[in-house]
**Student:** 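Here it is, the structure, as structure tokens.
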Amino acid sequence: MHLTKLSEAFLRSAAYERRFLAKNHWDFSMVVWIPLATVLLIWWIFSQTQITDLPIGVIDQDNSAVANTAVRYLEASPTLTVRQLYYSQADAEAAILQRDIYAVVIIPEDFSRNILSSQPAPLTLQVNAQYGTHSGIIQAGVQAVASTLSAGVEIKRLIKQGVAPSQAMTAYAPISVQRISLFNAATNYQQFLASTVIPALLHILAMVIGATTIGRELRDKNIGRWYRFIDTGKPSLTLSRASKTSSSLSTKQDSSDNKASSSSANVPHSVSLSVLVFGLLGKYFWSILAYSLWSALVLWLVTSNQNISIGSIIAVYIGLLCLMILSFWLGAIFTLNSFSLRMGLSTTGFISAPSYAFAGVTFPYIAISDSAQYWSNALPLTHYLKLHIAQLQMQAPIAISVPIVYGLALATIIAMLLTALLTKRALAHPERWGAR
């Protein structure tokens with residue numbers, strides 16, 4: 001009988017939430033359309049997997065054959081394209097400010113003369129370092145062109161002096177670097193950035209849903225009515241007028257509707273923690289179901305062009321699903337702890353929005369300060385991305401990432417129980433219901 005009662009609490013709560021989502025299009029969109037659009041949009045943005053043809057300008061003050069060769073080499077570089085030849089530095093700087101180009105290469109007027117006289121002949125690169133990725137790629141491309149051009153000039157000079165071509169090449173560069181990329185050898189930005197940005201954005205949306213799903217019941221003073229329904233089945237599954245017209249993020253509510261809602265919400269005499277747990281699972285059932293589908297979609301997009309073992313995919317999927325469910329509970333915890341939907345949303349935004357910056361993906365984890373590392377380790381997204389990168393990008397053994405999966409699962413269970421305890425506390429304090 002007890003299991004039957006718990007299953008009934010789950011089904012009633014799920015039916016209660018389904019009715020609400022069917023009548024509130026914004027909340028339904030937060031569960032279905034917005035995350036789907038987010039996944040597809042981010043994947044489309046990074047559909048060009050590599051950065052190529054970054055526009056630069058050239059100021060050729062030498063106009064020699066060697067300078068023309070340098071311009072041709074710059075144009076031939078896969079990461080660069082010479083957008084335009086400029087004749088004054090002011091025009092080039094104006095083009096940089098207007099983002100027509102990201103850098104300008106200046107070939108000085110004595111460039112070829114210095115080369116012929118075996119004197120230093122530097123190329124001047126002025127780059128807009130405000131864009132870190134663009135700047136790094138352009139600097140590497142120009143450096144490669146300068147090295148290639150310099151090697152050609154020096155080898156040709158040695159050959160003219162009677163040195164054999166093979167000896168000339170060795171004499172010019174006796175020590176060389178053999179660079180081997182262990183992971184993401186193709187520098188695929190879709191694999192590197194898109195596959196990690198999408199879980200971060202879903203994490204933010206899931207925390208917002210977690211805060212609003214239980215927060216609107218507190219705001220509209222319907223949390224007591226919700227519990228009585230999942231516990232006893234009464235009143236019937238006809239939502240109050242306030243619930244029909246309210247939106248999870250709306251702050252406009254007529255005061256008479258609040259009073260009517262408050263008068264119809266009697267405080268329950270006793271609250272069962274087990275009923276609350278199953279009721280909360282039912283209340284978040286549709287969100288969990290939807291985000292499990294979006295998680296599967298993310299993994300399908302990431303692994304469709306890679307040879308990833310099924311064990312790694314399963315481990316990452318379980319970890320991502322735990323992250324989504326944990327995000328729901330964290331959003332609910334912040335709202336229930338403050339008895340305010342507004343405070344709950346503010347807290348979720350404060351924690352989830354910058355979490356990607358602390359995860360060590362775009363900025364090295366070991367380079368941030370100790371206090372930032374402590375904060376990073378407290379964020380669930382950091383641990384999931386470690387699992388994601390290890391299994392899907394580095395293809396590490398599963399045993400390395402299993403503790404992260406266990407940790408996320410344990411954190412999810414603890415957060416669910418804490419949400420139930422805070423909901424029980426909220427039911428015991430009806431005087432605090434209705435806070436914005």
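Everything numeric in this text was worked out from a predicted model, so none of it was measured.
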**Student:** Give a yes or no on this: more than 12 heavy atoms of other residues, nucleotides or ligands lie within 6.0 Å of atom OH of Y73.
**Tutor:**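 Result for OH/Y73: open.
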
**Student:** Which residues pass the side chain to side chain donor-acceptor pair (under 3.5 Å) test with T69, not counting sequence neighbours?
**Tutor:**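 Per chain and number, T69 pairs via side chain to side chain donor-acceptor pair (under 3.5 Å) with R72.
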
**Student:** Using the ring of each side chain (for Trp, its six-membered ring), is F358 parallel, tilted or perpendicular to W375, with breaks at 30° and 60°?
**Tutor:**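 Rings of F358 and W375: perpendicular, as their planes differ by over 60°.
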
**Student:** Enter the distance from L293:CG to I288:CD1 here, rounded to the nearest 0.5 Å.
**Tutor:**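 So the CG of L293 and the CD1 of I288 are separated by 12.0 Å.
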
**Student:** Using a 3.5 Å distance criterion without hydrogens, assess whether the side chain of S135 forms a donor-acceptor pair with backbone atoms of A129.
**Tutor:**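 No: the side chain of S135 does not pair with the backbone of A129.
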
**Student:** Side chains of N337 and R425: does their closest heavy-atom pair fall under 4.5 Å?
**Tutor:**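 A side-chain contact under 4.5 Å exists here.
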
**Student:** Does any non-hydrogen side-chain atom of L205 lie less than 4.5 Å from one of L201?
**Tutor:**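 A side-chain contact is absent here, since even the closest heavy-atom pair is not under 4.5 Å.
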
**Student:** Do T213 and F328 have side chains that get closer than 4.5 Å, going by heavy atoms?
**Tutor:**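 T213 vs F328: side chains apart.
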
**Student:** Does either side chain, that of Q143 or that of S147, offer a donor lying less than 3.5 Å from an acceptor on the other one?
**Tutor:**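 The answer is yes; a qualifying pair exists.
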
**Student:** Just so I know, are the side chains of Y16 and R225 near enough to count as touching, which here means a heavy-atom distance under 4.5 Å?
**Tutor:**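 Yes. Closest side-chain heavy atoms under 4.5 Å.
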
**Student:** Kindly indicate whether the side chain of T423, heavy atoms from C-beta on, has any atom under 4.5 Å from the side chain of I223.
**Tutor:**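 Side chain of T423 against side chain of I223, heavy atoms only: contact under 4.5 Å found.
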
**Student:** Quick one: side chain to side chain donor-acceptor pair (under 3.5 Å) pairs with a partner in residues 320-336, sequence neighbours left out?
**Tutor:**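 Of all non-adjacent pairs touching residues 320-336, those that pass side chain to side chain donor-acceptor pair (under 3.5 Å) are H203-S327.
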
**Student:** Could you tell me if the side chain of Q393 sits less than 4.5 Å from the side chain of S195, heavy atoms only?
**Tutor:**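 Heavy-atom side-chain distance check passes, below 4.5 Å.
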
**Student:** Taking the side chain as C-beta and beyond, is there a heavy-atom pair between M30 and V208 under 4.5 Å?
**Tutor:**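 In contact.
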
**Student:** Using a 4.5 Å cut-off on heavy atoms from C-beta on, say whether the side chain of L123 contacts that of V145.
**Tutor:**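 The answer is no, as the side chains (C-beta and beyond) never meet within the 4.5 Å cut-off.
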
**Student:** Donor-acceptor pair, E8 side chain versus D231 backbone, under 3.5 Å?
**Tutor:**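 Between the backbone of D231 and the side chain of E8 there is no qualifying donor-acceptor contact (under 3.5 Å).
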
**Student:** Evaluate S338 against S340 for side-chain hydrogen bond (donor to acceptor under 3.5 Å, both in side chains), listing each step before the verdict.
**Tutor:** CA-CA 5 Å; S338 61; S340 170; 4.9 Å; no

**Student:** Quick check against the 3.5 Å criterion: does Y284 have a side-chain atom that pairs as donor or acceptor with the backbone of G210?
**Tutor:**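 The answer is yes, because a donor-acceptor pair under 3.5 Å joins these two groups.
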
**Student:** Is it the case that the side chain of S295 and the backbone of L321 share a donor-acceptor pair, with hydrogens and angles ignored and the cut-off at 3.5 Å?
**Tutor:**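 No.
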
**Student:** Does E75 reach the main-chain N or O of V82 with its side chain, forming a donor-acceptor pair under 3.5 Å?
**Tutor:**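 A pair under 3.5 Å: yes.
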
**Student:** So, S292 side chain and L289 main chain: donor-acceptor pair closer than 3.5 Å or not?
**Tutor:**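 Present.
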
**Student:** Could you name each residue pair satisfying salt bridge (charged side-chain N to carboxylate O under 4.0 Å, His left out) that touches residues 277-293, not counting sequence neighbours?
**Tutor:**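 Every pair satisfying salt bridge (charged side-chain N to carboxylate O under 4.0 Å, His left out) with a residue in residues 277-293: E17-K283, E217-K283.
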
**Student:** Would a distance-only check, ignoring hydrogens and angles, find a side-chain to backbone donor-acceptor pair under 3.5 Å from W294 to V31?
**Tutor:**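 Checking the backbone N and O of V31 against the side chain of W294, a donor-acceptor pair under 3.5 Å is found.
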
**Student:** Treating S13 as the side-chain partner and I230 as the backbone partner, does any N or O pair qualify as donor plus acceptor under 3.5 Å?
**Tutor:**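 It does not hold such a pair.
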
**Student:** Is it the case that T196 and Y356 place a side-chain donor and acceptor less than 3.5 Å from each other?
**Tutor:**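 Present: a donor and an acceptor within the cut-off.
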
**Student:** Looking at CG of L341 and CG of L336, how far apart are the two atoms once the value is rounded to the nearest 0.5 Å?
**Tutor:**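 So the gap between those two atoms works out to 10.5 Å.
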
**Student:** Is the ring pair Y131/Y102 parallel, tilted or perpendicular, if the boundaries are 30 and 60 degrees?
**Tutor:**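 Correct class here is perpendicular.
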
**Student:** Would the distance check show the side chain of S77 and the main-chain N or O of L74 forming a donor-acceptor pair, the cut-off being under 3.5 Å?
**Tutor:**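 Between the backbone of L74 and the side chain of S77 there is no qualifying donor-acceptor contact (under 3.5 Å).
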
